[in-house]
Amino acid sequence: MSMTILIVMGVLMLSGGIAALYIKDTVSAIVAAGVVSLLASVIFLIVGAPDVAMTEAAIGSALTTVVFLFAWSRIKEAEKEKDTLESDSAEEGGE
Amino acid sequence: MNITQIVLILGFLLSLIGFWGLLTRRDLFRMIISFSLLDTGVHMIMIGIGYIKGGTAPIFDEALAVGEAVGKVVDPVPSALVLTAIVIGLAVTALMLSYAVRVYTSRKSLSIDAVKELKW
Amino acid sequence: MEILAIIGAFVSLAGSLFLLLAAIGIFRMPDTYNRMQTGTKATTLGSLLFFVGIGMANPSWWGKLLALTIFIFITNPLSSHVLARALHFIGKSPLLKGSKDPDVRDDLEAVESLETKEGDLV
Amino acid sequence: MIKRFIIVLALAAIAVGLYPLAWGIQDAEILTEVANEYVENGADDLGAANLVTSVVVSYRGLDTLGEITVLFAATAGVTMLFAARKPKKSGQKGSLADDSRRTGSELLQTGADFLFPILWMFGMYIFVHGHLTPGGGFQGGVVLASAVLLLLFADSDRKMGHTLLQIAEALSGAAYVAVGLLGLWFAAGFLDPRFLAAGEFGQLFSAGAIPVIYALIGIKVGAELTGIVDTMRRSAL
Amino acid sequence: MADIIFNIAAVIALAAFVITFYRIIVGPELGDRVVALDAMTIMALSGITFLAHLLGRIIYLDVALVYGLISFLGVIAVARYMERGL
């Protein structure tokens with residue numbers, strides 16, 4: 001039974017990892033990377049490492065997402081500021 | 001197929017996905033996401049090495065008495081190493097993200113091609 | 001004790017069926033609001049039944065399972081509320097554009113003619 | 001295109017190199033020598049029920065000290081990178097950060113106020129029970145940081161006192177080293193927790209100084225992660 | 001007997017997990033993905049409690065406790081980002 005759960009979680013984890021690289025929207029990619037951490041924490045639990053599973057669940061799945069989102073919204077703010085000030089640097093910003 | 005083998009293969013494949021993203025993406029944010037995937041893969045390899053056949057968590061309670069632990073519990077040393085590595089991974093990710101934000105404010109672009117000074 | 005475990009197993013089975021219903025709802029529902037309501041309510045009930053089943057099979061685990069249930073009952077509605085508010089603010093309409101129901105179509109036209117401002121509904 | 005080909009080639013080389021590592025392996029039947037020593041004697045030696053805690057706090061305590069140093073360095077780096085530009089005042093031209101952030105709903109604010117003490121208490125529970133159940137300083141610190149984070153989500157104008165965070169971080173770090181030195185003085189070596197009585201196995205007050213050390217680590221990690229997150233939140237570029 | 005029914009329940013919950021994961025991959029917008037993430041965390045909590053029952057260790061429930069309290073922060077973070085409040 002635990003072998004079945006392990007294999008299914010692993011396949012989902014790999015497809016989530018590939019999706020995190022190929023989804024166009026960056027925030028969606030961040031969410032997909034969070035799902036990879038969720039599945040990894042279940043795998044850590046199956047192989048008998050509950051401490052690691054707890055850390056991965058708390059840090060990988062929640063706090064990393066939050067840190068990514070803070071940085072991304074700082075970039076969005078900088079982009080908006082650039083637009084409002086109408087600076088001449090017409091390079092493409094961000095994604 | 002056994003559990004060690006599956007976990008090791010999963011870790012290797014996830015590391016390869018992370019490497020692939022790190023080498024092919026040009027966007028700094030995608031590179032950081034790939035780095036965190038690579039991180040998770042390496043952690044999984046380290047945990048997989050410490051697994052023992054039929055092993056359970058190395059924590060003593062009603063279900064696991066002190067005297068009969070040998071041969072039943074997994075290796076506690078990789079768990080301890082990965083535990084600290086995950087926390088360091090978060091701090092390093094935050095540091096990389098602040099570099100990315102600084103690059104954006106000075107170059108107005110998130111592409112790695114915008115940073116030309118160190119290119120040769 | 002064995003009979004309690006069997007009853008618990010059936011309760012868990014019912015819970016997992018609710019989880020499956022939630023998954024099917026998320027898979028098939030047409031827009032984000034519908035997906036959100038099925039994904040939140042059905043999973044809350046399903047996880048509650050699952051925990052009750054596990055607790056019947058292992059009677060000494062009640063304390064932690066109760067705490068877990070309380071946490072889910074606090075956090076799950078909170079997150080879905082914040083999510084629905086965010087969806088409202090980015091301008092998604094809860095009404096379906098291509099709906100066959102005449103009442104829904106009338107409501108949609110009424111809403112579009114009203115042109116509600118963003119801040120009014122807060 | 002040639003670049004893409006080289007990358008594929010390099011990854012294939014890595015995969016071929018890793019293949020024999022993964023394929024022929026079987027589940028191990030016995031532990032390695034060091035781990036066997038820990039499992040056999042760890043509980044009697046230190047009195048902690050969680051062997052991972054024993055390894056993190058005592059057997060490999062120096063690793064943990066180095067890890068906390070790395071964490072501190074990363075926090076300092078984040079703070080310096082964001083502080084290189086001063087955050088603009090809210091009335092100033094070009095500042096968007098404070099004005100345009102939408103504050104959280106009433107329900108979220110009430111929920112955050114209600115959940116904050118629960119999360120805080122739960123974080124304390126996690127790192128005080130680090131030697132009995134899974135969890136410990138790192139996880140408890142993360143829970144404390146996320147409790148503060150919830151308040152920051154609910155109200156985007158909330159200001160945080162960084163002085164308090166710095167004091168907590170510095171004091172807990174210094175106390176951690178001081179407890180380590182006490183181990184050097186009264187027991188066998190640096191970070192040896194046995195200078196306090198071992199107590200009864202499985203009780204809260206047992207395992208020598210391990211709960212004390214882990215609580216200090218928890219406070220330090222919580223303060224540092226809160227500092228990172230709040231720096232990234234409030235700095236308007 | 002009880003174990004067989006528990007295993008059936010676990011397989012059904014696993015199927016629900018896989019179906020929800022479909023929304024993460026192809027969800028047309030960010031909101032759909034976050035909804036799927038929210039549902040997946042609750043299903044993962046059920047899965048973790050089942051694993052604790054299967055492996056017979058009460059201490060694994062602590063993982064579920066931490067996960068249940070922390071995981072909704074990710075959803076709230078994404079929602080607050082969507083309404084530009086972060």
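Reminder, nothing fancy here: chain letters follow the sequence lines and each chain counts from 1. Small disclaimer: the values here were computed from a predicted structure and weren't measured.
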I'd like to verify something: which residue of E:Leu73, E:Leu69, E:Ile4 has the highest number of heavy-atom pairs under 4.5 Å with chain C? E:Leu69
C:Phe27 versus chain E, heavy atoms under 4.5 Å apart: side chain, backbone, both or neither? both
The interface call for C:Leu78 against chain E, heavy-atom contacts under 4.5 Å, is side chain
Non-hydrogen atoms of chain E under 4.5 Å away: do they reach the side chain of C:Ile72, the backbone, both or neither? side chain
What verdict does the side chain to side chain contact (heavy atoms under 4.5 Å, CB included) test give for C:Ile54 and E:Phe6, after you've listed the backbone C-alpha separation in whole Å, the side-chain angles of each residue and the deciding distance to 0.1 Å? CA-CA 9 Å; C:Ile54 298 279; E:Phe6 264 123; 3.9 Å; yes
Any heavy-atom pair between the side chains of C:Leu17 and E:Ile12 that's under 4.5 Å? yes
Extract the chain C to chain E donor-acceptor pairs under 3.5 Å, no hydrogen or angle test applied.
unit_1  : atom_1 : unit_2  : atom_2 : d
C:Ile26 : O      : E:Arg23 : NE     : 3.0
C:Phe27 : O      : E:Arg23 : NH2    : 2.8
C:Thr32 : OG1    : E:Asp32 : OD1    : 2.9
C:Arg35 : NH1    : E:Asp32 : OD1    : 2.6
C:Arg35 : NH1    : E:Asp32 : OD2    : 3.2
C:Asn58 : ND2    : E:His53 : ND1    : 2.9
C:Lys64 : NZ     : E:Asp62 : OD1    : 2.7
C:Ser79 : OG     : E:Asp38 : OD2    : 3.4
C:Arg85 : NH1    : E:Glu83 : OE1    : 3.1
C:Arg85 : NH1    : E:Glu83 : OE2    : 3.0
C:Lys92 : NZ     : E:Glu29 : OE1    : 3.1

Pairs where residues 7-25 of chain C contributes a residue and the test salt bridge (Lys or Arg N to Asp or Glu O under 4.0 Å) is met, not counting sequence neighbours: none
Please flag which part of E:Phe50 lies under 4.5 Å from any non-hydrogen atom of chain C: side chain, backbone, both or neither. both
At a heavy-atom separation under 4.5 Å, does C:Phe18 approach chain E through its side chain, its backbone, both, or neither? neither
Go through the steps for C:Leu20 and E:Ile19 under the test side chain to side chain contact (heavy atoms under 4.5 Å, CB included), then give the verdict. CA-CA 8 Å; C:Leu20 186 65; E:Ile19 294 171; 4.1 Å; yes
Please identify, among C:Ala67, C:Ala23, C:Gly53, C:Gly8, the residue contributing the most non-hydrogen atom pairs under 4.5 Å to chain E. C:Ala23
Distance, nearest 0.5 Å, that separates CG of E:Leu45 from CZ of C:Phe50: 11.0 Å
